[in-house]
Each structure stands twice: as C-alpha cells, then as structure tokens.
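Atoms within each ligand, like the ligands themselves, are counted from 1 in listed order. Only heavy atoms go into these numbers, but all of them, side chains included; no hydrogens, no water, no symmetry mates.
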Amino acid sequence: MTNYKGVWAFARLNTMRIAVYPGSFDPVTLGHMDIIERSSKLFDKLIVGVLVNSSKVPLFSAEERVNMIKGVVSEYANVEVRSFDGLLVEFARLCKATAVVRGLRAVTDFEYELQMSQTNHIIAPDIDTIFLTTNLNYAYLSSSVVKEVARYGGDISKFVAPEVRRQVLEKYNR
Ligand code: ADP
C-alpha cells in the first residue's frame with residue numbers, strides 16, 4: 001500500500017518556501033522585528049541568521065543575540081533563529097533557503113545592499129534577495145542608535161522590546 005502521508009510530507013518539504021534573514025542584530029530592534037513579522041507571512045519558514053564574525057565588534061555575543069531574538073519571536077511558529085559564520089549563501093543553502101530577506105531603510109542602505117545581492121546572485125544564482133522597505137515608524141532606527149542612546153542613559157523603550165531593553169541596560173550597568 002502506498003504511504004500517501006509520507007509522500008505528501010516529502011512533497012511538502014520540497015516545496016516549502018524557506019528564507020533566511022541575516023544580520024548582526026546587536027541588539028535586535030523593533031525595526032528588525034517588523035521585518036521578521038512581515039517576512040514570516042511571505043514564507044513557509046523564516047530563519048533569522050545571526051552573523052558571528054562581522055567586521056564590527058559586537059556588544060552581545062552571538063549566543064546572547066540568538067537567545068535574545070528567540071525570546072522576542074516566540075509567537076511566530078514558523079521562525080527559527082540560528083547563528084552562522086562565513087558566506088551567507090552557504091548558510092542559505094544549508095537552510096535549504098531560496099531567498100534572502102534584507103530590510104531597506106534609506107538610500108544609504110541601497111548601494112551596499114545592491115552590491116551584496118548582486119555578488120550573492122553570481123555566487124549562487126538559485127538564491128534571490130528580497131528587499132522589504134522599512135516601516136516608516138522605524139526608518140531611523142538601527143542597532144547603533146540603540147547602543148548610542150543607551151550608553152548615555154537615554155530611553156530606548158521605543159526602539160526595542162522590554163526584555164531586550166533590560167539586557168542592553170545591563171551591559172551598560174544602568
Ligand atoms: P547588518 O550588519 O547585516 O546590516 P543589521 O542587524 O544592522 O545587520 O541589519 C540586518 C538587516 O535588517 C539589514 O537588512 C538591515 O537593512 C535591516 N534593518 C536594520 N534596521 C532596520 C529597520 N529599522 N527597519 C528595517 N530594516 C532594518
């Protein structure tokens with residue numbers, strides 16, 4: 001007898017639309033969370049990829065960033081969080097993703113993002129980059145802004161989730 005359940009599960013796995021949303025997320029902001037929420041609706045599965053080794057020295061370790069993001073995306077059943085090192089397209093392939101999601105805030109993001117997406121497309125033509133424009137409420141927001149404001153004792157409650165705020169303030173002994 002044919003195991004239709006098994007065949008269906010296999011077919012489903014092969015047609016699942018999986019995307020990777022890579023970044024430093026140091027720390028994850030409400031702007032990132034908006035992109036996560038919106039792209040989780042566009043794909044069957046979204047994997048948030050926390051870059052371990054970037055040129056920037058992070059405030060939070062990769063493990064801390066992964067756990068922090070897990071804490072704020074728990075309501076989205078199809079979102080996973082992992083860390084990665086090395087080439088983004090290799091990570092995307094490992095995740096069986098066919099798309100990379102990036103957020104665009106202003107024209108200043110555009111030039112770098114265009115170059116990266118074109119380079120990635122040459123290396124891996126089977127993986128496309130999808131850009132989501134920022135929610136206007138968060139167009140100004142970046143992880144650097146959050147750290148800068150927190151370092152000088154400013155209020156970051158409009159920029160990050162409460163649990164993230166707590167961890168940022170702890171880093172600055174506030
Ligand atoms: P990276 O170092 O890779 O730029 P970031 O954590 O700064 O990592 O950003 C990850 C992704 O999220 C990038 O695509 C970035 O453009 C996007 N992003 C960052 N902040 C916002 C925001 N406020 N609104 C929309 N997208 C954002």
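- For the residue pair E163 / Q167, a side-chain donor-acceptor distance below 3.5 Å is found, with atom types taken as modelled.
- Residue V73 is not grouped with residue F91 when hydrophobic side chains (ILVMFWY) are merged at heavy-atom distances under 4.5 angstrom, including chains of intermediate members.
- The N/O atoms of D26, backbone and side chain alike, include none that comes under 3.5 Å of an N/O atom in ligand 1.
- Per-residue contacts place F25 under 4.0 angstrom from the following atoms of ligand 1 (heavy atoms of the residue considered): 6 (O).
- Proximity of S144 to ligand 1 is not established, as no heavy-atom distance is less than 4.0 Å.
- In summary, the atoms of ligand 1 found under 4.0 Å from a heavy atom of I35, numbered by their order in the structure, are 25 (C), 26 (N).
- Counting atoms of ligand 1 from 1 in the listed order, those under 4.0 Å from a heavy atom of Y138 are 22 (C), 23 (N).
- Considering backbone and side-chain N/O of G23, none are found under 3.5 Å from N/O of ligand 1.
- Between S143 and ligand 1, no N or O atom pair is found at a separation short of 3.5 Å.
- Counting heavy atoms of neighbouring residues, nucleotides and ligands inside a 6.0 Å radius, atom OH of Y140 exceeds 12 of them.
- A continuous path of ILVMFWY side-chain contacts below 4.5 Å connects I130 to Y21, so both sit in one hydrophobic cluster.
- Looking only at distances, a side-chain donor or acceptor of K147 sits under 3.5 Å from a matching main-chain atom of D26.
- Between L141 and ligand 1, at least one pair of N/O atoms sits closer than 3.5 Å.
- A pairwise comparison of heavy atoms in A97 and I127 identifies O-CG1, 3.9 Å as the closest pair.
- For ligand 1, the atoms lying closer than 4.0 Å to a non-hydrogen atom of R102 are 1 (P), 3 (O), 4 (O), 10 (C), 11 (C), 13 (C), 14 (O).
- At least one N or O atom of S24, backbone or side chain, sits closer than 3.5 Å to an N or O atom of ligand 1.
- With a heavy-atom cut-off of 4.0 Å, A139 does not touch ligand 1 at all.
- Ligand 1 has at least one atom lying under 4.0 Å from a heavy atom of Y21.
- Clustering ILVMFWY residues whenever any of their side-chain heavy atoms sit less than 4.5 angstrom apart, transitively, puts F25 in the very cluster that holds L132.
- Note: the hydrophobic cluster containing I18 does not contain V101 (ILVMFWY, side chain heavy atoms under 4.5 Å, direct or indirect links).
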